[in-house]
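Working notes for the structure below.
The analysis underlying the following values was restricted to heavy atoms, covering all of them including side chains, and did not include hydrogens, waters or symmetry mates. Keep in mind it's a predicted model, so treat the numbers as computed, not measured.
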Amino acid sequence: MAVREEVYGYFIPSVTLIGIGAAKQIPDKIKALGGAKPLIVTDKGITGAGITKQITDLLEAAAMKYVVYDETIPNPTDKNVHDGVAIYQKEQCDSLITLGGGSSHDCGKGVGLVVANGGKIHDYEGIDKSSKPMPPYLAVNTTAGTASEMTRFCIITDTSRHVKMAIVDWRVTPGIAVDDPLLMMDMPPALTAATGMDALTHAVEAYVSTIATPMTDSAAEKAIELIAKYLRPAVANGQDIEAREGMCYAQYLGGMAFNNASLGHVHAMAHQLGGFYDLPHGECNAILLPHVQQFNLIARIDRFVKIAQLMGENTQGLAPRDAAELALVAIRKLSADIGIPAGLVELGKRYGKEVKAADIDIMTANAQKDACGLTNPRRPKDADVKAIYLAAM
């Protein structure tokens, strides 16, 4: 009898520091990686909030040189990456610190890929396209959602195609990840909500992925449970340190899950909204999540029952299909409670954008090519993706 070989990788930083005051260890850890003059990749919002100075003060106290590149924008672009590469090379940096949420980490990962391997960031779209290791790399997280500080994912907007390139490469996994809830205390409610729903999307998509394993399941289940418990209080009161720390762990666990079980069509479709309209990733995910999972429901009924239970729904005495539907109810209730827009049109208006039905065909075509969709539990046809976009409008 032939035995089919199935081997699953598990990717995670060599070291992760989570907890109050973890950021104080950054100078020692970058030195331990072999770095002497890091390029700090961040954004103007982080600098304006004084967080960049908190980190540079630590480096200066340790007599360490550094250079700051804080021009990263939300939905970072190929131009951001290549500008960062130019500064890294001009200033003769030897290591990377990324500081912020997903945008800063994605940009920094792109810089590291190009610095180490040459060419352009476009050369690395897809899975494991690099051939040389990144420079010494430490990632400092300031949001509780993307988990980019610990993943092998790098999402960069190709400005010529208006497409988010999904780069999945084990070499971009940071050597050290730092999650200090003290750096997250001043996140505004809307950002807390958006990043929190991003984390929930990671956990849910990983949990119903076609390549989920017992290791990813354990992380996804705990992430869902913690998000259901802590996201509302974190949005309600950003100074609630228990909620902030709870979301620190939740988003990291979500990252552990999707970094290894991958994602699904929520992300494949959300990437197109970011590429076309420059809309915030977390809120796009939040709006699409119940619609895509409604489509996926029949493929993973047992898992959606468990999601409902983890989110506090009472499934006792219900038929499996009815119990599974409560997972979608719970997701929608959480989104509504924390102020996520009800649909894509409303989201667009919030940010001064017009989400157009006329763009759905090209977004559908691009979503169907996105690597994140490969592990969706149902393989949607183009008509299914279009219907999901329209339902989410």
Over all atoms of both residues, closest heavy-atom pair of Met256 and Thr216: O-CG2, 4.4 Å
Gap separating the OH atom of Tyr230 from the CD atom of Gln251, nearest 0.5 angstrom: 15.0 Å
Linked hydrophobic residues, Val114 as query - side chain contacts closer than 4.5 Å: Leu39, Val41, Val67, Tyr69, Val81, Val85, Ile87, Tyr88, Leu96, Val111, Leu113, Val115, Ile121, Tyr124, Met134, Tyr137, Ile156, Met165, Ile167, Val172
Lys/Arg N to Asp/Glu carboxylate O, Lys222 vs Glu225, below 4.0 Å: yes
Any donor-acceptor pair under 3.5 Å from Asn75 side chain to Leu279 backbone: yes
Heavy-atom neighbours of Lys31 NZ exceed 12 at 6.0 Å: yes
Donor-acceptor contact below 3.5 Å, side chain Glu205 vs main chain Gly264: yes
Phe258 and Phe153 aromatic centres sub-6.0 Å: yes
pair His265-Asp384: side-chain heavy atoms closer than 4.5 Å: no
Side-chain ion pair, Glu313 and Lys333, N-O less than 4.0 Å: yes
Within-4.5 Å side-chain heavy-atom neighbours: Leu138 and Val140: yes
Spacing of Leu200 atom CG and Met311 atom CE [to the nearest 0.5 Å]: 5.0 Å
Any donor-acceptor N/O pair, Ser335 side chain to Arg332 backbone, under 3.5 Å: no
side-chain hydrogen bond (donor to acceptor under 3.5 Å, both in side chains) evaluation trace for Thr16 with Tyr252: CA-CA 10 Å; Thr16 299; Tyr252 193 93; 2.4 Å; yes
Exercise: do Asn259 and Tyr10 side chains pair donor with acceptor under 3.5 Å: no
Residues, nucleotides or ligands: over 12 heavy atoms within 6.0 Å of Gln89 CD: yes
Any donor-acceptor N/O pair, Glu245 side chain to Gly19 backbone, under 3.5 Å: no
Check: Ala261 main-chain N/O paired with Ser209 side-chain donor or acceptor under 3.5 Å: yes
Same apolar cluster: Met215 and Ile12, side chain cutoff 4.5 Å: yes
Sidechain N-carboxylate O distance under 4.0 Å for Asp123, Lys129: no
CE on Met247 to CG on Asp179, rounded to 0.5 Å: 11.5 Å
Co-membership, hydrophobic cluster, residues Tyr351 and Ile340, 4.5 Å side-chain: yes
Approximate separation, where rounding is to 0.5 Å, of Leu288 CG and Leu273 CG: 6.0 Å
More than 12 heavy atoms from other groups under 6.0 Å of CD on Gln239: yes
same_hphob_cluster(Ile46, Leu191) at 4.5 Å side-chain heavy-atom cutoff: no
Non-hydrogen atoms of Gly275 and Lys164 that approach each other most closely: N-CG, 4.0 Å
Polar side chain donor-acceptor pair, Asp70 to Thr47, under 3.5 angstrom: yes
Exercise: identify the closest heavy-atom pair between Ala270 and Asn285: CB-OD1, 3.2 Å
Report all side-chain donor-acceptor pairs from residues 289-305 shorter than 3.5 Å, counting only partners two or more places apart or in another chain.
from	atom 1	to	atom 2	distance (Å)
Gln293	OE1	Asn296	ND2	3.0
Gln294	NE2	Glu325	OE2	3.4
Asn296	OD1	Asn376	ND2	2.8
Asn296	ND2	Asn376	OD1	3.3
Arg300	NE	Val208	O	3.4
Arg303	NH1	Tyr207	O	2.8
Arg303	NH1	Asp217	OD1	2.7
Arg303	NH1	Asp217	OD2	3.2
Arg303	NH2	Asp217	OD2	2.7

ILVMFWY network linking Val68 to Met64, side-chain heavy atoms under 4.5 angstrom: yes
Side-chain donor or acceptor of Asn141 paired with backbone N/O of Gly101 under 3.5 Å: no
Side chains of Glu71 and Asp43 in contact at under 4.5 Å (non-hydrogen atoms): no
Side-chain (Thr42) to main-chain (Leu99) donor-acceptor, under 3.5 angstrom: yes
Any donor-acceptor N or O pair under 3.5 Å, side chains Asp78, His82: no
Inter-residue atom distance Ser95.OG - Lys37.NZ, 0.5 Å rounding: 10.5 Å
Within-4.5 Å side-chain heavy-atom neighbours: Asp169 and Arg152: no
Exam field: side chain Thr210 to backbone Pro377, donor-acceptor pair closer than 3.5 Å: no
Arg244: which of Thr192, Asp180, Asn237 passes side chain to side chain donor-acceptor pair (under 3.5 Å): Thr192
Common cluster, Val168/Phe11, ILVMFWY with side-chain heavy-atom separation under 4.5 Å: no
Any Met197 side-chain heavy atom under 4.5 Å of Leu334 side chain: yes
Stepwise side-chain contact (heavy atoms from CB on, under 4.5 Å) test for Leu347 and Cys284: CA-CA 8 Å; Leu347 176 65; Cys284 291; 3.9 Å; yes
Considering all heavy atoms, the nearest Glu346-Pro341 contact: OE2-CA, 3.7 Å
Candidate pair Thr157 and Val163, rule side-chain contact (heavy atoms from CB on, under 4.5 Å), full reasoning: CA-CA 6 Å; Thr157 298; Val163 168; over 6 Å; no
Gln309 side chain near Lys306 side chain, heavy-atom distance below 4.5 Å: yes
Salt-bridge contact Glu283-Arg350 (side-chain N to carboxylate O under 4.0 Å): yes
CG on Asp158 to NE2 on His162, rounded to 0.5 Å: 9.0 Å
Plane angle bin for His281 and His271 - parallel if under 30°, tilted between 30 and 60°, otherwise perpendicular: parallel
Heavy-atom pair of closest approach, residues Ile211 and Ser262: CD1-CB, 4.4 Å
Gln368 to Arg379 - nearest heavy-atom pair and separation: O-NH2, 3.3 Å
Main-chain N/O of Ser148 paired to Lys109 side chain as donor or acceptor, under 3.5 Å: yes
Test log, rule salt bridge (charged side-chain N to carboxylate O under 4.0 Å, His left out), inputs Arg161 and Glu125: CA-CA 13 Å; Arg161 292 184 293 157; Glu125 184 176 9; 2.9 Å; yes
Heavy-atom check, side chain of Tyr277 versus side chain of Asp359, under 4.5 Å: yes
Contact check, side chains of Val204 and Ile307, non-hydrogen atoms, under 4.5 Å: yes
